[in-house]
2 protein chains.
Amino acid sequence: MDLDQLHTFLEIVRLKSFSKAALTCYRTQPAISAQIRQLELEVNTALFERLGTRIQLTQAGRIFADYAEKILDLRRQSQNAINELERVPRGELIIAANEATCIYVLPRVFSGYKKLFPNVQLLVDRSYGKHVVEAVMDNLADFGFTQLPVQEKKLQVVQVHTDEIKLLAPASHPLASRASVRCDELTGEQLLLPKSGATRAKLNAWLEPVEDSLHISMELDSTEMIKRFVLAGLGLSFMAASHCKEGVEAGELATVSLEPEPLIRKLGLVYRKDKAFSKAGLGFIQVVMDSAGLAGPASVLHTEAEE
Amino acid sequence: MDLDQLHTFLEIVRLKSFSKAALTCYRTQPAISAQIRQLELEVNTALFERLGTRIQLTQAGRIFADYAEKILDLRRQSQNAINELERVPRGELIIAANEATCIYVLPRVFSGYKKLFPNVQLLVDRSYGKHVVEAVMDNLADFGFTQLPVQEKKLQVVQVHTDEIKLLAPASHPLASRASVRCDELTGEQLLLPKSGATRAKLNAWLEPVEDSLHISMELDSTEMIKRFVLAGLGLSFMAASHCKEGVEAGELATVSLEPEPLIRKLGLVYRKDKAFSKAGLGFIQVVMDSAGLAGPASVLHTEAEE
DNA sequence: AACGTATGTAACTGGTCGAGATCCATCGTT
DNA sequence: AACGATGGATCTCGACCAGTTACATACGTT
């Protein structure tokens, strides 16, 4: 059964004529007759009485007309709902990110996004390191924030921001006032290192020359914990500058660049290239790019949310 | 948009696979892909995300799936309603008949019909003589009861019963005890004749030999009025035997056959040959035929009404 | 790395739907 | 009553579309 047939049927009902319906349906009269014939065959009942020149609905026809109306109405509603989804995005986006990103990056991005798309629910999948990439790959999350580089070819990467990983020390520490520090200067210090992840890998590489003479007193996996431990004088650590900006500005903590060259940490937004994004998703990419000072892929921002 | 497409779509949603849906839809997988492609084209939105081997509904797809369910549900409901109409007829039948038939024939027929089809509403179009035929011809009435013969070729005729038109007199009248009467014996009597109609035409023909010497004192168009007038001694009249049975049996009225041969009045059920009758209509024909002692056209009576 | 699974793509083909012409019945008009 | 006009049914033909078959491609698993 074709919805065209239903439309034709209702046009006939409305105009009480096959020929007139043929005009409004942009078909010839035989085509209309054929459609109805097929429809009657399908419901196995006559829908019209053919009374020479006049036609009239049968009882079954009257009943069927009601349903046909409802069905076409639902069809229209469905199209409206889909169009509305494009115009005023809603639904949900699942964003995977590690804890630090959740704390230091997402709040700003989310608040910008929510202004534009108040009807989209943002769900945070707070996971760790490569689990973020996996979640995006498995389509369990729509977006992920992760440290770059990411090697997956299927993922699109948008660099969000660049951070420098610095030595983190209490403001009172002798090294705190230094402009930069070499790895061999840390051999006598208690070190608090992140337990795992890309930053830890970078640090391992940087510390490798003095690897054997280090005092790694703790491995932690929370930036907040590390900051408090450092503040309490339990040791030195390393941290992305943006993650400890408040502590430094408050004069409690100090950061020192690493030598011979700064350790750079790049944060990126990743998503599947083959993802079929709605306006809600495209808008998210746009907002992230904007907050990174990049030009967006398309002008999705003109989609003003209204409600 | 085809309902098949919707069904396919929902099968894919249910089975989460194009190929599996192909099996349950008795199509090949490319056919399924094509259907969905066309559907997506029509709603102008991707309904699935193609993630290599896996597929997943998009937001729009989830919304559309709801509507598709509802639409197919309505389709099923419509078929059920139509089937139910066949199984337990309902709706209405319009029956055209003149007053006498309404009084002396319909009550019995209707009560028989209502026992079988309690959900069918019987509407009486009480009209006169040939208006009955016209009403049926114009499809303003589904059935008509009228005096036979009817010459319309488009009408199907079922003879319902045969009546004899007799002279109607008060029981005390000299002619009341006669076995039969000739027209010339009525020249001295006051006559009350039906105003018009087939019976009047028949009587005119019978009275024609003595036409000029008759005293036609009144022309009435109600059998009840004629009976009362005759009873009151205002004159003699003519009436179908079955229309005055009670009065005769009560000993108040007498009927006398006409000479040289009885005047026969045949009552028939008429309906358009091209009428697309539902079970309700076929059942009515059956009931009328049964009450006339005829074999029906089909065994519609097995349709027991249940509610 | 190779295989199995799953979707997309590309010709081919058969069925179907619509156009056009014709037929038939009815209805209104002269 | 005969006529033309109207409206629906039927037939044939042609074009298009949907479906099959076969092949390509991508992903996940052994």
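The shown structure was predicted, so the numbers you read here are calculated from the model rather than taken from an experiment. Both backbone and side-chain heavy atoms feed into the values below; hydrogens, waters and symmetry mates do not. Letters A, B, ... are given to chains in the order of the sequence lines, protein chains preceding strands, and every chain is numbered from 1.
Closest to the side chain of S33(A), out of dA6(C), dT7(C), dT10(D), is dT10(D).
Put simply, S19(A) has no side-chain N or O that comes within less than 4.0 Å of OP1 or OP2 on dT6(D).
Look at CG on L23(A): it is 12 Å from P on dT6(D), rounded to the nearest Å. To the nearest angstrom, P of dG8(C) lies 7 Å from CZ of R37(B). The nearest whole Å value for the distance from the CD atom in Q38(B) to the P atom in dC16(D) is 16 Å. Atom C1' of nucleotide dA9(D) and atom CD1 of I12(A) are separated by 13 Å, given to the nearest angstrom. Atom CG of L15(B) is separated from atom P of dT7(C) by 11 Å (rounded to the nearest Å). Computed from coordinates, the F18(B) CZ to dT7(C) P distance equals 7 Å when rounded to whole Å. Here dG8(D) presents its P atom at 13 Å from NZ of K16(A), a figure rounded to the nearest Å.
Looking at R37(B) and E40(B), no side-chain N of the basic residue comes within less than 4.0 Å of a carboxylate O on the acidic one, giving no salt bridge. Salt bridge R87(A)/E84(A): present, at least one basic N to carboxylate O contact under 4.0 Å. Salt-bridge annotation for K70(A) and D73(A): absent, with no side-chain N of the basic residue lying under 4.0 Å from a carboxylate O of the acidic one.
With hydrogens and angles ignored, the 3.5 Å screen pairs a side-chain donor or acceptor of R272(B) with a backbone N or O of M137(B). Remark: the backbone N or O of P194(A) is paired with a side-chain donor or acceptor of R200(A) at under 3.5 angstrom.
If you check residues 39-49 of chain A against DNA chain C, you find no residue with a heavy atom closer than 4.0 Å.
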Go along nucleotides 19-30 of chain D 5' to 3' and tag each nucleotide: B for a protein heavy atom under 4.0 Å from its base, S when only backbone or sugar atoms are that close, - otherwise. SBBB----SS--
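Looking only at side-chain heavy atoms (C-beta outward), K273(B) and K154(B) stay at 4.5 Å or farther from each other.
For Y271(A) and F284(A), the distance between ring centers is not under 6.0 angstrom. Taking the centre of each ring, F9(A) and F48(A) come in below the 6.0 Å mark.
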In residues 139-146 of chain B, what donor-acceptor pairs under 3.5 Å come from side-chain atoms, sequence neighbours left out?
{"unit_1": "N139(B)", "atom_1": "OD1", "unit_2": "K275(B)", "atom_2": "NZ", "d": "2.7"}
{"unit_1": "N139(B)", "atom_1": "ND2", "unit_2": "Q56(A)", "atom_2": "OE1", "d": "2.8"}
{"unit_1": "D142(B)", "atom_1": "OD1", "unit_2": "K275(B)", "atom_2": "NZ", "d": "2.8"}
{"unit_1": "D142(B)", "atom_1": "OD2", "unit_2": "I94(B)", "atom_2": "N", "d": "2.8"}

